[in-house]
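What follows is one structure encoded as structure tokens, with my remarks underneath.
Given the structure is predicted, the values throughout are model-derived calculations rather than measurements. When a ligand or atom number is given, it counts from 1 through the structure's own listing order.
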Amino acid sequence: MPAPAHPTTEPHEATAATTPATAPAEVVTPLVRGVAVLQRLTEAGGTLSPSGLERATGLARSTVDRITATLARMGYVRLEGRDGRDVVLTPRLMELGNAYLAALRLPALLDARADALADELDESVSLAVGDRDGIRFIHQATRRRAMSLSFRIGDLLPAERTAPGPLFATEWTEEDWRRRQERRATDPEDRGFPAIPPRQHMADDFTERTAQAARDGWSLDDQLIEPGLVAVSVPVRDPATRRIACVASVVSHTSRHSADDLRTTLLPRLRETVTAMEEDLREPPAPPTAPAPSDLATWTAASKQELGREFVESLARGLTVLTAFGEDRPALTLAEVAKATGLARATARRALITYEHLGLVRHAPDTHTFTLTPRVLSLGFPPLSRTSLPRIAQPHLQDLAAEVHESASLAVLTPSAEEIQYTARAATARIMSVDITVGTRLPARATALGRALLADLPPHLYSLVDAELEEGLRAIAVPIRDRAGRTVAAADIATHAARHTPEECVELLLPPLRKTASRIEADLHMASRFTRVPLT
Ligand code: PHB
């Protein structure tokens, strides 16, 4: 869904790029600005020009340039476009949201049950967590049919326009209620929530709905987001504390179920699933592991050396703090953060204070630990979670084609395994009489790509086909593997026999091809940790 443009109101996850007077003195301004750049890019769908970023953040062009150069060095954005200047979020950035989702443990424990319920009911099922006076999705098993919005992992919705909202609100503090009141006063049309259409007229009965949810233990959304969209929700409670860990929802359309009959038809099955989910939450967490030693200091020093003024060290160091958290490291003390990142204690402390100020990290004074908040998903997750393998591969194939001056492609096997189908391509010159474009199918056995896909070659082998398909054509291909090590696609370089001998193909073309394949794999593995990445 293209995010509607809302020029008048700051989104609610917004952090102003400029540090307000109320910020603690320790706040690291470049980190505040870097976070704002990432959030504005996220709201824009993943791409902005530098002048677009200037407008969206209010920062000077030179500052925007230094921040984007630093983010590009970290692999979190790519600078592309005709003049090489458009700023585009990369799958690598998902490591920040992945750190939050891994530390939260809920997706790993509950995704499979949500997916199974969606299959059984043939309706969408989602998991959401509370984010102040909003809700944020952490999982989506989407079976959305005609005419309804579907939300992405990381999307933020105002609590009162959802079914999970009243359930979370049963645990709200005075502060949360006050915050909602203020937001409703300054943004009556929800323009600060780019994932949903603006609010029309709506009775503000949220207090009553919350009281009702407290009595019933479930809650309804009768077309609060858009006409036709209905949902029923049940809280999944932490077995130890009985507090809400997340809320599970079944989402349907009035053409299939009215909001009222969701209660009679789907609620009982949702409740059974939630009971099973609560059992799953009893699983003891993995014992904490010592973090791998970090070579961050060496890397930042080298980056500074290379990029000089363009590299903002405090931003790079600060962002690394978020990656210290994970599955077996959900809550960390300051000393543990410093150790995991290799940062000086004072540096780690200032980064954590900055994140707490931005609402990305929470501090528990009783245990002296820090945890990530759902807001970490506002750093790129919604647009990046809707990617595909061809989209992941395209920029890497382009870099490869530019480097070796030959065409580079990605292909998958068709279901019959008789043919390959091209899914991405970066062409330099046309070297074949057949015109290969995305979608072209060729016999699998006659192509290097097909053989790489069929052979499931051990990683050190490759596939070279001489005179493939037609005389004079030579191609070399390597497999692309998913997180589980299964071959899911293949990448190749195709060249003219007159340009390279078979030996040269191996010597000159294989190393850059293998490097490209591992970059595609790294992005695929990052993106598919908590989301399903389509292969075509
Ligand atoms: C969703 O998962 O898309 C969803 C959940 C609850 C709602 C609306 C939509 O109230």
Side-chain angles (χ1 to χ4, degrees), residues 1 3 101 106-107 110-111 113-131 133-170 180 190 193-200 202-203 205-206 209-210 212-213 216-236 244-263 266-267 269-271 273-274 277 374 377 381-382 385-386 530-532:
M1 184 204 60
L101 292 172
L106 297 176
L110 308 181
D111 278 10
R113 287 208 192 272
D115 294 352
L117 183 63
D119 283 342
E120 183 193 319
L121 303 177
D122 198 22
E123 299 283 1
S124 297
V125 174
S126 65
L127 300 176
V129 292
D131 185 346
D133 60 333
I135 73 157
R136 205 181 282 273
F137 293 105
I138 57 166
H139 184 65
Q140 281 284 351
T142 307
R143 300 282 175 294
R144 223 42 79 91
R145 288 174 287 264
M147 313 289 287
S148 63
L149 284 178
S150 79
F151 298 106
R152 306 162 299 183
I153 298 177
D155 273 332
L156 178 73
L157 272 53
E160 66 276 9
R161 282 181 72 184
T162 68
L167 293 163
F168 287 118
T170 61
R180 190 190 85 98
D190 297 335
F193 295 90
I196 54 167
R199 184 192 299 251
Q200 308 292 334
M202 197 176 109
D205 56 356
F206 189 59
R209 285 177 66 220
T210 301
Q212 182 81 35
D216 294 342
W218 52 270
S219 170
L220 283 181
D221 163 2
D222 188 1
Q223 310 175 73
L224 297 169
I225 293 170
E226 65 163 7
L229 187 61
V230 289
V232 61
S233 299
V234 172
V236 182
I244 300 176
C246 66
V247 168
S249 307
V250 177
V251 189
S252 188
H253 193 270
T254 45
S255 59
R256 293 188 297 283
H257 293 284
S258 71
D260 268 340
D261 82 21
L262 280 184
R263 191 181 62 206
L266 304 183
L267 178 61
R269 277 299 296 120
L270 175 60
R271 284 191 140 143
T273 296
V274 164
M277 285 176 168
L377 294 173
F381 230 80
S385 69
R386 281 280 169 87
F530 292 106
T531 68
R532 210 183 57 77

In plain terms, say whether Glu120 and Arg113 are close enough for a salt bridge, that is, a side-chain N and a carboxylate O under 4.0 Å apart.
-> no

Considering the heavy atoms of Asp221, write down every atom of ligand 1 situated less than 4.0 Å from one of them.
-> 7 (C), 8 (C), 10 (O)

Taking only heavy atoms of Ile225, which atoms of ligand 1 are found under 4.0 Å from at least one of them?
-> 8 (C)

SB check Glu123 Arg256 (cutoff 4.0 Å) = yes

Considering the heavy atoms of Ser126, write down every atom of ligand 1 situated less than 4.0 Å from one of them.
-> 1 (C), 2 (O), 5 (C)

Pull out every atom of ligand 1 sitting under 4.0 Å from any heavy atom of Gln140, numbered as shown with elements.
-> 1 (C), 2 (O), 3 (O)

Judging by distance only, is a nitrogen or oxygen of Ser233 under 3.5 angstrom from one on ligand 1?
-> no

Give a yes or no on whether a salt bridge exists between Asp133 and Arg180, defined as a side-chain N under 4.0 angstrom from a carboxylate O.
-> no

Any ion pair linking Asp155 and Arg136 (charged N to carboxylate O, less than 4.0 Å)?
-> no

Side chain, backbone, both or neither: the part of Ala163 lying under 4.0 Å from ligand 1 by heavy atom = both

Minimum heavy-atom separation for Pro227 to His253, with atom names?
-> O-NE2, 4.5 Å

At under 4.0 Å between heavy atoms, which part of Leu224 makes contact with ligand 1: side chain, backbone, both or neither?
-> neither

With a 4.0 Å cut-off on heavy atoms, is Pro164 touching ligand 1?
-> yes

At a 4.0 Å threshold, what atoms of ligand 1 neighbour a non-hydrogen atom of Thr162?
-> 10 (O)

Hey, which atoms in ligand 1 end up nearer than 4.0 Å to a heavy atom of Ala231?
-> 6 (C), 7 (C), 10 (O)

Correct closest heavy-atom pair for Pro197 and Glu226 would be CG-CB, 4.4 Å

Would you say the side-chain atoms of Asp216 pair up with the backbone N or O of Trp218, donor to acceptor, closer than 3.5 Å?
-> no

